[in-house]
Amino acid sequence: MRAKYVTDMTSGSPMRHILRFAMPLLLGNLFQQLYNMVDSIVVGNYVGKDALAAVGTCGSLNFLFFSLSSGLAIGIGIIVAQYFGAKDDKNVRSTIANSFYVLASAALTVSLLGFLFTPALLKLLSTPEHVLGDAVLYMRTTCVGIIGIAFYNGVAAILRALGDSRTPLYFLMLSSIINVGLDLFFVLSLDMGVFGVALATIIAQAVSAITSLIYAYHKVSYFRLSKAELKPQPNIIVKSFRLGVPVALQNSMIAISCMVLQGFVNTFGETVMAAYTIINRIEQLVNQPYGSLGMALTTYAGQNMGAGSIERVKKGFRQSILVVLTFSLILLPIAYFFGPQIVGIFVKEQEVIDIAYRALRITSLFYFGLGMIYVPRALLNGCGDAAFSMINGVTEVACRILFAVIFTSIPFLGYWGIWMTTGATWSVTAVVCVLRYFQGKWKVKSITKRA
């Protein structure tokens, strides 16, 4: 059963397991970010600043809607990892079977709600009237693709839980190439504007979902399920929701706080909105090494918690902090010395470039804090500490809203307070995450030990 398509991380060097697992995740996440990056580059250079602002103002809404389904995928992956670490193959298969019901119901519900409430939510964000139409069109179109995102994330989370971080990369590479090609074709050749960009994205997402499902069925025996195994099992579904819903709500609360911050951004006009969009795209790239390390640590912690290896979990945590520190120190001079060239990729207007570069210099000072959110949060999630997900989400919401109100109201800061808010939020949230780890409650949270 434990063939070359899975990896047991309960023995051997923790650092080697984590880094080898994280590298394909990093490449995959970078390719995934090409969706948003290419959208912004194509729109900013070939449609215009207002269209870029329209796409940018949808960023937090996208995160909100997608996180509701992707959070459940993370919860499913944690359960699979713990059962796999415990050598309980029967429950690994049961979790995979019931994940389809969980993901399908969540994705369809979120798609419908997103499509219906997008106009009202964008108005709540103080979206300028002359970009509102494009923003609604872009957001509603991408909502149609949530089902593809949910199933790709579900399959990818399960494969990663089994120790395979490479295969999801291949499907993301394929879909990213499709996305880039369709972006250019729809916008440059067919002049479809923001609708073309959104349409290219959902087609690419559908491809990644379908191809990953086909691969998993043919190559991973856990996915070849009998009719009896496909019968819904309430206890597995409850466990999936018990872990996945707090993670989804955590991400949703973070998304809501980002929406509130976007509302502050929108009050400063299209130029600041465009600069904020650029910094968000850069931050999405910066997040990828931290996020990849975090996903590797979640699988590592999940498998070792299932095996009862608490000391291995601790060792993996300590070694991951060193990786975060190293990467943060590398990024800082890049942001300071090459910032103008980096932000200039997205837009041609010099005023936008100047604001975005200075904003990048502010946020890059806080990258270590950002990384130190991912490491303890990922480990705690992998151990099954679902309660912390809610604590983490509430912390980010409170900080982002409180700091935004304070900093943007200081006269000499003005819109620079937006990026000070980001840095301060990362720092405080990181402290809360680390304190939760040292409380030690995660040591008794293993799913495999519960009824």
Side-chain angles (χ1 to χ4, degrees), residues 22 26 29-30 32-34 36-37 40-41 44 52 56 59-60 63 254 257-258 261-262 264-265 268 271-294 320-347 349-378 395-396 399-400 403-404 406-408 410 412-434:
L26 173 58
N29 286 338
L30 290 174
Q32 191 169 36
Q33 288 309 309
L34 281 177
N36 289 331
M37 294 285 288
S40 298
I41 292 170
L52 179 61
S60 53
F63 182 46
I254 294 170
S257 69
C258 290
L261 185 57
Q262 181 73 58
F264 281 91
V265 173
F268 291 107
T271 299
V272 174
M273 289 172 65
Y276 182 72
T277 300
I278 292 169
I279 297 303
N280 274 352
R281 296 297 185 254
I282 294 171
E283 286 173 6
Q284 285 169 0
L285 284 178
V286 170
N287 272 273
Q288 300 320 305
Y290 300 134
S292 301
L293 179 66
S320 296
I321 292 175
L322 294 177
V323 176
V324 168
L325 178 61
T326 301
F327 184 71
S328 301
L329 292 175
I330 292 172
L331 283 180
L332 190 59
I334 293 175
Y336 268 70
F337 295 117
F338 300 101
Q341 291 78 18
I342 294 170
V343 300
I345 296 172
F346 294 88
V347 72
E349 289 90 341
Q350 189 60 46
E351 185 181 5
V352 178
I353 292 174
D354 291 341
I355 294 174
Y357 170 49
R358 185 173 175 185
L360 181 61
R361 292 178 64 182
I362 294 172
T363 57
S364 61
L365 295 172
F366 299 92
Y367 283 164
F368 179 70
L370 173 63
M372 285 308 298
I373 295 174
Y374 278 99
V375 168
R377 184 170 67 188
T395 301
E396 286 212 35
C399 288
R400 193 165 278 117
F403 289 139
I406 294 173
F407 290 145
T408 59
I410 298 175
F412 67 86
L413 281 181
Y415 55 71
W416 301 115
I418 294 164
W419 292 287
M420 291 298 299
T421 293
T422 297
T425 299
W426 290 344
S427 300
V428 174
T429 305
V431 171
V432 172
C433 290
V434 172

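Computed from a predicted structure; not experimentally measured.
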**Student:** Please report the shortest heavy-atom distance between Phe366 and Ser427, naming the atom on each side.
**Tutor:**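 That closest heavy-atom pairing would be CD2-OG, 3.4 Å.
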**Student:** Looking at side-chain heavy atoms only, is the closest gap between Leu360 and Ile278 below 4.5 Å?
**Tutor:**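 No, side chains not in contact.
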**Student:** For Gly294 and Ala378, work out which heavy atoms get closest and say how close.
**Tutor:**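 Taking every non-hydrogen atom into account, O-CB, 3.0 Å.
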**Student:** Can you confirm whether Leu332 sits close enough to Leu365 that some side-chain heavy atom of one is under 4.5 Å from a side-chain heavy atom of the other?
**Tutor:**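 Yes, close enough: below the 4.5 Å cut-off.
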**Student:** Do Trp419 and Phe407 have side chains that get closer than 4.5 Å, going by heavy atoms?
**Tutor:**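 The answer is no, as the side chains (C-beta and beyond) never meet within the 4.5 Å cut-off.
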**Student:** For Val375 and Ser320, work out which heavy atoms get closest and say how close.
**Tutor:**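 Shortest heavy-atom separation between Val375 and Ser320 comes out as CG1-CB, 3.9 Å.
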**Student:** Drop me the distance from Ile355's CD1 to Gln350's CD, to the nearest 0.5 angstrom.
**Tutor:**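 Going from the CD1 atom of Ile355 to the CD atom of Gln350 covers 10.5 Å.
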**Student:** To the nearest 0.5 angstrom, please state how far the CE atom of Met273 sits from the OH atom of Tyr415.
**Tutor:**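 Result: 15.0 Å between the selected atoms.
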**Student:** Out of curiosity, Leu325 CG to Ile321 CD1, how far, rounded to the nearest 0.5 Å?
**Tutor:**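 So the gap between those two atoms works out to 9.5 Å.
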**Student:** Quick check: does any side chain N or O of Thr421 sit under 3.5 Å from a backbone N or O of Phe403, one acting as donor and the other as acceptor?
**Tutor:**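 A pair under 3.5 Å: yes.
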**Student:** How are the rings of Phe327 and Tyr290 set to each other: parallel, tilted or perpendicular (split at 30° and 60°)?
**Tutor:**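 Plane angle over 60°, so perpendicular.
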**Student:** Indicate the atoms forming the closest heavy-atom contact of Gly344 with Ile353, along with that distance.
**Tutor:**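 Looking at all heavy atoms of both residues, the shortest contact is CA-CD1, 4.0 Å.
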**Student:** Regarding Asn287 and Glu283, do their side chains bring together a donor and an acceptor under 3.5 Å, going by distance alone?
**Tutor:**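 Distance-only check fails for Asn287 and Glu283.
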**Student:** So, do Cys433 and Thr429 sit near enough that their side-chain heavy atoms are less than 4.5 Å apart?
**Tutor:**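 Side chain of Cys433 against side chain of Thr429, heavy atoms only: contact under 4.5 Å found.
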**Student:** Does Glu349 reach the side chain of Thr271, with side-chain heavy atoms less than 4.5 Å apart?
**Tutor:**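 The answer is no; the side chains never approach within 4.5 Å.
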**Student:** Of all the heavy-atom pairs spanning Pro376 and Val434, show the shortest one and how long it is.
**Tutor:**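 Smallest interatomic distance, heavy atoms only, reads CG-N, 4.1 Å.
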**Student:** Under a 3.5 Å distance rule, please check whether Tyr357 uses its side chain to pair with a backbone N or O of Tyr336 as donor and acceptor.
**Tutor:**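 Such a contact is found between Tyr357 side chain and Tyr336 backbone.
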**Student:** Taking all heavy atoms of Ser364 and all of Ala335, pick out the closest pair and write down the distance.
**Tutor:**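 Closest pair (atom of Ser364, atom of Ala335, distance): CB-CB, 3.6 Å.
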**Student:** CG/Asn280 to CD/Gln262 distance, rounded to the nearest 0.5 angstrom?
**Tutor:**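 So the gap between those two atoms works out to 7.0 Å.
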**Student:** With the side chain counted from C-beta on, respond yes when Thr422 and Leu261 share a heavy-atom pair under 4.5 Å apart, and no when they do not.
**Tutor:**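 Yes - at least one pair of side-chain heavy atoms lies under 4.5 Å apart.
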**Student:** Rounded to the nearest 0.5 Å, how far apart are CE of Met420 and CD1 of Ile362?
**Tutor:**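 If we round to the nearest 0.5 Å, Met420:CE and Ile362:CD1 are 6.5 Å apart.
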**Student:** Can you list the steps and then say if Ile282 with Phe346 is a side-chain contact (heavy atoms from CB on, under 4.5 Å)?
**Tutor:** CA-CA 10 Å; Ile282 294 171; Phe346 294 88; 4.1 Å; yes
**Student:** At what distance, to the nearest 0.5 angstrom, does CD of Glu396 lie from CD1 of Ile373?
**Tutor:**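 Between Glu396 CD and Ile373 CD1, I get 5.0 Å after rounding to 0.5 Å.
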